[in-house]
Structures are given as C-alpha cells and as structure tokens.
Amino acid sequence: MNAPAGSGGAPRFGGRGRGYRGAGGGYRPYFFFKRNGRTIPACGRGTTGVSRGRGRGRGAPIPAPALNTQNPISSSFLRPHFYAAPEDSEQNVTSMAIDTPAACAGWRLYFYGESYDDNSELAGRLRILETHFNGATYDLLAIQQQGYFMVTANVLLQDEELRRQWPTLMEDMMYRPRRTLATLALAMHSSATLAALEASLSQQECTKKYYVPKVIKPRKVYARPMGFMEERPMNVVGKLEIDQLYCVRGIVTSIGPVDASVTWLAYRCGRCKQEQAIKQSGPYITRPYSCKREGCLAKAGFIEVRSSPFTRITPRQMIRLTESGLDIGSTTDIQTKPCLSIELRHDLVDTIYLGQEIVVTGILRVRPLQEQNAFDKYSAFGNQMEVYMKATTIVDGKTVKYKFLEEDIEAITTINSETDTFKILVHSLAPEVHGHEMAKAGVLLSLFGGSGSQEHDEEEINVLLVGDPGVGKSNIVDMCSKISQKGSIVQAKRGPFANTKKLTVNVKGRTNYIMECGELLAARNGHCSVDDIDRLTPQMESFMNILQAQTTSLTFPALFSTFFTPTSVIASANSMRGHYDQSKTLTENIRIAQHLLSEFHLVFVLLDKPNKDMDTSLSEHIKAVHAGSKKNTAIANRFELKSNSSMNMTIDGDGNEDEYDLSNKLKLKPEEEVDMNLLPITLMKKFIVYSRQQVKPLFVDSASEELKKFYMELREQSEGSQFSVSTGHLAGLIRLCQARARIDFSSEVTPLHVRDVVCIVKQSNNDMALGDYIDTNPTTAVMSKTSQRGNGTQANVRKFHQILQMRSGAVSRRIFEFDELKDMARRVGISCGVTNIVDILNIQGILLKKGPNMYEFMSD
C-alpha cells in the first residue's frame with residue numbers, strides 16, 4: 001500500500017504520477033526516456049531523487065540533486081541521434097502512419113509530419129511544378145528508373161507562370177533548401193508516376209519472342225539543384241549558415257568506406273492491415289508498440305514490409321575535399337589548405353575518385369556528438385561539433401569553368417596588350433632568381449601546357465632542372481606549385497621515408513579503410529613540383545609509370561585499383577658531388593636513370609660559373625629587390641588598359657631567323673630594370689588558368705612544316721648519341737608550341753611560336769650534350785683515345801671543333817666571346833692551351849677574329 005502524501009514514504013521507481021516535490025519530498029524529472037522497455041528518468045541512473053538502497057531506512061526520501069546548468073542532460077544515451085535544426089523540426093518525427101492522399105500519392109515520402117491540404121499554397125506550387133515538368137524536356141521514364149533528376153535554375157526561371165506562383169523560389173532554395181527540394185522532388189514524383197502508369201497501360205505483354213521491361217513504380221525521387229548559387233570559399237563556412245545551400249570547388253583528397261543502413265522501415269498491422277513507418281537509428285531495429293489506426297488496440301504482431309517505398313536502405317560515404325580556388329596561391333602544402341567533409345548518399349556514392357576536381361552543391365549540417373566515423377579517430381578533437389556538407393549535386397570540375405571578375409579580365413587584358421608578354425611572365429616567375437631565363441621560359445611553357453588534339457586532351461610537359469646548389473632551382477620549383485592551376489609539391493629534403501606514402505595513394509584504418517590522395521594524384525591534370533627528385537630513389541618506379549603510362553596502382557589486402565594520373569612533373573636535382581662536373585656525362589652527375597631522364601621533355605643545367613657581367617647584374621638585382629624598388633604589385637595599376645585581341649610579338653632584325661637569339665631577347669636590359677613591374681602570384685595564376693580555359697590553338701601549315709623540319713634535324717643528330725629522339729619527343733614539341741601560342745592568346749600556332757620553342761629545345765639539348773661528348777667517327781675516335789693518353793693537341797682541336805659546332809647550332813648564332821670559348825673548352829675537359837687551339841682554328845679559317853676578344857665561327 002502506498003504511503004500517504006507528506007508521510008515520508010516514497011513510491012516505487014518508475015511511478016509516473018507520484019513523487020512530486022512537495023508531495024512527499026520525492027524528486028520527479030521533467031521527462032522520462034524509454035529504453036529496452038524500461039522507463040528511465042532524464043537525469044540518469046542513480047540521481048533520480050529516490051532511494052534504491054537501505055542505507056537511509058525504508059522509504060526515506062532523498063533531497064533533490066542540484067541541477068547541472070552546464071550539462072543538464074548527463075546521460076550519453078539521451079543525446080539526439082540526429083542534429084535537429086529549426087527547419088527539421090517539422091520533419092523530426094520518429095514514426096508515422098502511411099496514408100496516401102488521393103490528390104498526391106507520394107506525399108508521405110517527402111513530408112512526414114504535415115497533412116495534405118488541397119487549398120494550401122504548397123499544393124498550388126505542386127500543381128504548377130507538375131505542369132512545368134510535363135511540358136519541359138524531362139525524360140520522366142528515365143528519371144523514374146534512376147531515382148534522381150537535375151533541376152537547373154535557368155530552366156525554372158524561364159517559366160513565367162512558375163515565377164508568378166512562386167516568386168521566392170531562389171530565396172527559398174538558398175535559405176530553406178530541404179523543404180524546397182522536397183517540393184520539387186514531390187512534383188517530379190507525381191509526374192513520373194503518371195508517366196509510368198501511362199507506359200504500363202500502353203505497353204504490350206511479354207511473350208516468348210518479345211520482352212517488355214516491367215515498369216517499376218517509382219520510389220523516392222531526389223532533386224539535384226544546379227546553378228542556384230555561385231562557388232564560395234571553404235574558409236568562410238560558418239555556423240550561421242547551417243541548413244543553408246552552399247557551393248564549393250575542391251579536390252578529393254580522402255575517400256571513406258561505403259556503409260549501408262536502414263533509415264526507415266515499414267510495418268503492417270496483423271489485425272487491421274494498417275501500415276506505418278518507423279525511423280531507424282542506432283545498431284538495433286526499432287519496432288512499433290501500437291497500431292496507428294484509431295480504435296485498433298493491437299500491441300504486437302506487426303509484419304515488416306520490405307518491399308514498401310517507405311522501407312529505405314541508404315548507402316552512405318564520407319569524403320574529404322580540399323579547396324582549389326584561384327585565390328589560394330600562398331600555401332605550398334596541401335594539408336594547410338581549407339578542407340571540408342562531404343557526406344554522399346544514394347546515387348552520389350562511389351561517383352568520384354581520388355584527385356578529381358569537383359563542384360559540390362549541398363546543405364551545411366552539424367555532425368552529431370555521438371556520431372563517430374573513420375575521420376574522427378585521427379583528430380584530437382573528435383568529440384567536438386563539426387560543420388560538414390550533405391551533398392545534393394556533384395559536377396565534374398572539367399565541365400564547370402572558372403569564373404573571373406571584371407577586375408581580373410581587365411588585368412589579364414592589360415598583360416596581353418604589352419609588347420612582350422612572354423618576357424614579363426618569365427621574369428615574374430621566381431623573380432628572386434636572376435638569370436637563367438631560358439630555364440624559366442621552359443618551366444613557364446610547362447605551366448601553360450598543350451591543348452591536345454581532337455581525339456586526346458594531352459597537356460603534360462615535364463621539365464627537369466639540374467645543376468649546382470644555390471642557383472635557385474628550389475625557388476623555381478616552389479613557385480610552380482603556387483601558380484599552377486592544380487599544384488602540389490613534394491619536399492624530398494625532409495627525407496625519402498617521409499615522402500614514401502605521400503606520392504600516390506595511402507590507405508589508413510584497420511577495418512574501415514580510408515584512401516588518402518598523394519601529391520601526384522592531387523595534381524591530376526595539373527603540376528606536381530618535386531624538389532630533389534634524385535633523393536626519392538624508392539619512388540622512381542612510381543614516377544616512371546606516371547610519366548610514361550600516366551597510371552598508378554594501389555595494391556593492398558582486399559583492395560586493388562588503378563588510377564589515371566595525367567600529371568606534369570617539374571623537378572629539380574642536385575649533382576652527386578656537390579657541384580656539377582662538366583667533364584662527366586649528365587647521367588654520371590645525377591642519381592636518375594637514363595630511361596627516366598628520357599621522359600622529360602626539357603632538361604636544363606644551371607651552373608654557378610663566374611661571370612663579371614652576370615655577377616654585377618645579380619648584385620644590382622639583389623639590392624633592388626631588398627630596397628623595395630621591385631614590388632610584386634598588380635600590373636593593371638601601373639599600365640593603362642589597352643584593347644588588343646591579337647598576338648603581340650616583335651621580330652628582331654630584318655626577319656633573319658639565323659640571327660634570332662631568344663636568350664638575349666629575354667634578358668633584362670639595364671633601362672628595363674625600373675620600368676618593368678613584376679606580376680603577383682595570384683594574377684599569374686589567374687592569367688594561366690584563363691589562358692588554359694579559353695585558348696585551344698591549332699597549327700597552321702607553315703608552322704607544321706617548320707616543326708617537321710626541326711624534328712627531322714633532331715632525328716639525324718641523335719644517331720650515335722646516348723639520348724635518342726622518338727615520337728614522344730615530337731608530341732612534346734607540339735605541346736610546347738601550343739603552350740607558346742597560349743601565352744599570346746593566339747588561336748593559331750605560327751612559325752614565330754615554333755621559332756621560340758626551337759631555341760628553348762636547342763638550349764635544353766645543348767645542356768644535356770655538354771658533358772656527353774662522344775666522337776661518332778670511328779677513325780677519329782681511336783686517334784682521340786690515343787692522343788688523350790699523350791695529351792695531344794690534335795685531339796683537343798677536334799673536340800673543341802665539335803663542341804663549337806654543337807654550341808653554334810644550339811644558340812643559333814656564330815659570334816662568340818673569348819670567355820665563352822674558354823668555357824666550352826673546359827666543358828670538354830680542355831683545361832689549358834685554349835689560346836693555342838683558338839689560334840690553330842683561326843689559321844685554318846674556322847674561327848675568324850671580328851674584334852677584341854670576339855670570334856666568328858664559320859660552320860661551312
């Protein structure tokens with residue numbers, strides 16, 4: 001028998017109407033929680049305010065505990081399974097009776113807690129949308145089969161009746177996307193259902209000769225919005241934009257496993273046949289405790305209806321997206337860029353791959369406290385609330401062009417209107433590196449890339465920088481990773497083992513495998529800068545596969561995949577002995593195999609040799625840079641806007657290509673030190689991206705003949721050399737010419753572009769052949785070996801004559817200074833007697849003296 005009120009007796013645990021404060025002193029919480037058939041107070045076990053032991057005597061009341069204002073709900077199982085936002089309050093139901101209104105059969109699939117009203121504003125919008133979907137070019141049967149459809153803002157806004165009936169469509173899509181997408185999907189569901197019904201009535205019956213596919217009744221249809229908002233950066237994602245539509249562009253750097261779970265489960269009452277749907281959450285199946293039909297008192301005997309449209313098995317996948325905007329140019333490490341977790345569901349699962357650039361439109365959500373996934377265990381703040389995006393639409397980045405502001409177009413037009421845009425871009429690339437203009441020109445052509453052909457979109461141009469330490473190779477490579485459209489960098493100076501798992505694909509996790517993107521995959525269709533590639537000896541096979549076959553494979557227990565990696569590599573390498581030994585071959589100076597070296601289209605040797613004029617110019621350049629006279633300000637602020645849609649190039653001389661020297665043309669003259677203003681990193685990146693996006697140059701007949709002539713010359717010169725010229729080099733020459741035309745925004749590759757490329761390729765071949773002197777004549781080769789043993793002058797004259805021929809053909813000029821002749825002699829191992837050799841060639845008429853320390857080489 002229960003104790004009377006105020007007598008000190010306490011009711012048994014779980015009494016719903018007993019134990020109020022003041023009516024016996026017992027503490028009753030403000031709500032209860034049911035779990036596994038038991039009624040549990042909200043404040044948790046052991047703090048209910050009722051004694052469950054015998055320490056105070058039978059039925060003695062316990063004072064009510066003090067409420068925790070910081071954490072009023074202390075039990076972990078009382079946390080909500082899903083974050084409930086204000087917009088979700090109407091849809092936040094755990095169970096519902098399945099009733100189908102006659103006017104809208106799929107109402108309960110999209111609106112759980114509302115009743116259908118034929119006179120409401122929502123019903124009017126549904127009718128207008130059904131009329132729009134039936135009249136527009138939508139394949140309703142295909143939508144009915146695939147379960148989703150693309151809805152474009154431009155198509156919807158063209159319907160005047162829809163705009164009149166729903167004037168706030170764009171605003172509702174931005175700030176109330178869940179309800180707006182549900183309205184669009186419900187209208188399409190009704191149209192697809194009607195189309196499927198008409199098709200089922202008009203189709204023939206299946207026979208032995210004719211097979212007619214069965215028309216499946218559509219389940220839930222999902223709307224995929226496009227064009228409702230512009231792309232926005234990830235670093236401004238805030239908590240004030242929760243449950244709003246958002247659009248970002250980024251590179252897929254991590255892909256989690258795919259898991260499927262039952263989110264809704266339909267049941268049928270065994271007594272009255274009433275169907276109801278129960279929302280499922282957690283590892284256990286939730287079953288109904290009572291029938292939803294009024295008057296039915298059934299408490300058990302419910303049957304699962306797995307074929308019902310209300311029974312949903314939802315696949316789910318989490319990915320990590322790294323931002324790839326045009327304004328991100330100051331960061332070099334991909335891990336320091338803004339990242340955002342994306343949740344994929346339904347048909348979006350397994351539609352992306354590592355290294356892919358995508359544009360995602362979705363709804364910003366907050367990850368629940370207890371919802372843990374594979375990404376949280378690698379974070380030190382795994383228990384914190386995290387903002388993520390629930391994707392609604394995913395589009396490949398190739399099909400969505402970058403958008404530029406008017407200020408960007410004005411600055412790009414100003415750069416293109418200059419007299420020599422090529423020279424400005426060359427000096428703006430790593431301006432702290434003075435000199436080496438030809439090497440920077442080759443790297444710049446790689447950044448612009450080739451436009452490909454009508455059948456293949458090949459843009460890869462690989463460049464290798466070799467030479468002495470301290471000449472600026474690392475600065476050039478680092479700058480390339482910043483201004484490339486999709487750039488990444490590998491710092492081999494940190495050690496080869498630190499970069500072993502950061503190049504291609506890395507797998508983390510014990511049970512739920514997460515694939516992480518390496519630097520080579522992150523630069524897909526872009527550029528991967530590798531500093532000190534010679535230190536990555538264990539990864540040479542990966543580089544070989546990427547440069548040659550453009551593929552890389554992942555071999556892991558229970559996992560195997562092949563990734564297509566069209567990536568351009570810009571690498572640097574140091575010599576093995578500290579300084580470049582000119583008496584040895586190129587392969588003997590670096591730790592790179594010859595077959596890998598042949599995959600680079602351009603190879604430049606940067607030497608730190610004493611030169612009075614160059615050293616004076618370098619010292620003045622360093623003083624100007626540190627004094628602040630050379631600033632990386634926008635070129636649009638200095639020059640006036642000029643409209644020029646054609647290519648701007650100047651022809652030196654009287655059009656004589658034999659006297660044309662690109663290296664002298666690119667050198668900065670003393671009067672240009674103050675007038676030339678360098679371009680900032682962001683502007684250079686936008687210029688390159690705009691050119692790659694807009695310009696697809698084609699060859700004219702005269703340019704094709706010039707390139708063919710040069711390629712045939714290279715084939716003849718490669719006979720007997722260590723580095724052979726194949727058809728792959730021809731493809732590289734075509735891409736280099738296309739890149740040179742892109743710099744000038746020219747839609748055609750002209751002979752002038754081919755001429756610049758020929759000079760750059762000759763310089764590269766000359767650098768590769770300087771230490772690779774091989775006497776191809778068998779008679780003179782034997783005499784040369786015999787003479788070298790006795791230090792004979794005749795062998796040195798022959799070697800000097802051959803290197804002089806190679807140098808003259810590489811730089812396309814015949815006038816040389818005496819210091820240049822001494823440098824060429826030192827490259828072939830002649831350390832003394834250079835003056836005597838020059839006098840001998842002068843007497844033979846091969847070298848003619850044209851002035852003080854000036855000589856002309858007579859090639860004929």
Side-chain angles (χ1 to χ4, degrees), residues 152-155 157-158 170-171 173-174 225-237 241 245-250 323-331 337-338 357-361 395 397-425 427-429 444 447-449 451 482-487 526 631-648 675-697 739 741-747:
T152 310
N154 296 332
V155 177
L157 295 179
Q158 289 177 359
M170 297 296 294
E171 182 181 354
M173 183 65 75
M174 289 285 297
M226 287 184 60
F228 285 91
M229 70 172 304
E230 300 292 337
E231 300 174 10
R232 300 184 62 184
M234 296 182 185
N235 53 0
V236 297
V237 174
E241 297 174 329
L245 199 68
Y246 210 81
C247 182
V248 294
R249 178 192 286 263
E323 189 172 1
S324 62
L326 296 180
D327 296 329
I328 300 179
S330 59
T331 57
K337 297 180 181 179
E357 186 179 17
I358 58 177
V359 178
V360 184
T361 303
V395 183
K398 288 184 178 181
T399 60
V400 182
K401 295 183 178 181
Y402 286 93
K403 295 185 178 180
F404 298 87
L405 302 176
E406 293 183 1
E407 295 81 3
D408 300 334
I409 300 297
E410 182 179 354
I412 291 172
T413 307
T414 304
I415 298 173
N416 186 41
S417 63
E418 287 304 307
T419 305
D420 198 344
T421 307
F422 192 25
K423 187 174 183 178
I424 296 176
L425 293 174
H427 287 278
S428 299
L429 177 65
L444 188 64
L447 292 175
F448 279 87
S451 60
K482 296 179 181 179
I483 65 178
S484 174
Q485 181 178 359
K486 291 178 58 179
K631 299 180 180 179
N632 289 348
T633 56
I635 194 172
N637 297 331
R638 184 175 179 87
F639 299 100
E640 297 179 357
L641 181 63
K642 303 177 182 179
S643 59
N644 189 358
S645 58
S646 61
M647 177 188 63
N648 291 307
D675 296 337
M676 180 175 291
N677 198 6
L678 303 179
L679 306 181
I681 296 177
T682 304
L683 187 54
M684 283 194 67
K685 184 174 183 178
K686 291 182 178 180
F687 186 87
I688 292 174
V689 173
Y690 186 82
S691 177
R692 290 170 63 100
Q693 183 173 286
Q694 300 293 335
V695 183
K696 302 292 182 181
R742 276 181 166 179
I743 295 178
D744 296 322
F745 285 179
S746 175
S747 59

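All values derive from a computational prediction rather than experimental measurement. Side chains included, hydrogens not; waters and symmetry mates left out as well; all remaining heavy atoms used.
Heavy-atom minimum distance, Ile743 versus Leu425: CG2-CD1, 3.7 Å. Between Met173 and Leu245 the shortest heavy-atom distance is O-CB, 3.5 Å. Nearest heavy-atom pair, Lys696 versus Arg692, reported as atom, atom and distance to 0.1 Å: NZ-O, 3.7 Å. The two residues Gly449 and Arg742 have their closest heavy-atom pair at O-NH1, 3.2 Å. Contact between Gln158 and Asn154 at its shortest, heavy atoms only, is CG-O, 3.0 Å. For the pair Ile483 and Met684, the tightest heavy-atom approach, listed with the atom from each and the gap, is CD1-CE, 3.9 Å.
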Check against side-chain contact (heavy atoms from CB on, under 4.5 Å), Ile688 and Gln485: CA-CA 7 Å; Ile688 292 174; Gln485 181 178 359; 5.6 Å; no
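Between Ser451 and Pro697 the shortest side-chain heavy-atom distance falls below 4.5 Å. Inter-residue side-chain proximity for Val236 and Glu241 is flagged as unmet; no heavy-atom pair is nearer than 4.5 Å. A heavy-atom distance below 4.5 Å is found between the side chains of Leu683 and Ile415. Side-chain contact between Tyr246 and Val237 is present, with at least one heavy-atom pair separated by less than 4.5 Å.
Residues passing the side-chain contact (heavy atoms from CB on, under 4.5 Å) test with Gln693 are Lys401, Tyr402, Phe404, sequence neighbours excluded. Contacts of Ser484 classified as side-chain contact (heavy atoms from CB on, under 4.5 Å), with partners at least two apart in sequence or in another chain: Leu447, His527. Shown here are the ring-ring contact (aromatic ring centres under 6.0 Å, His included) partners of Phe687, two or more places apart in sequence or in another chain: Phe745. By the side-chain contact (heavy atoms from CB on, under 4.5 Å) test, Glu230 pairs with Lys403, sequence neighbours left out. Shown here are the side-chain contact (heavy atoms from CB on, under 4.5 Å) partners of Glu231, two or more places apart in sequence or in another chain: Cys247, Arg249, Val359, Val400.
The CD1 atom of Ile409 sits 9.5 Å away from atom NZ of Lys686, with the distance rounded to the nearest 0.5 Å.
Formation of a donor-acceptor pair under 3.5 Å by the Glu323 side chain with backbone atoms of Met234 is found in this model.
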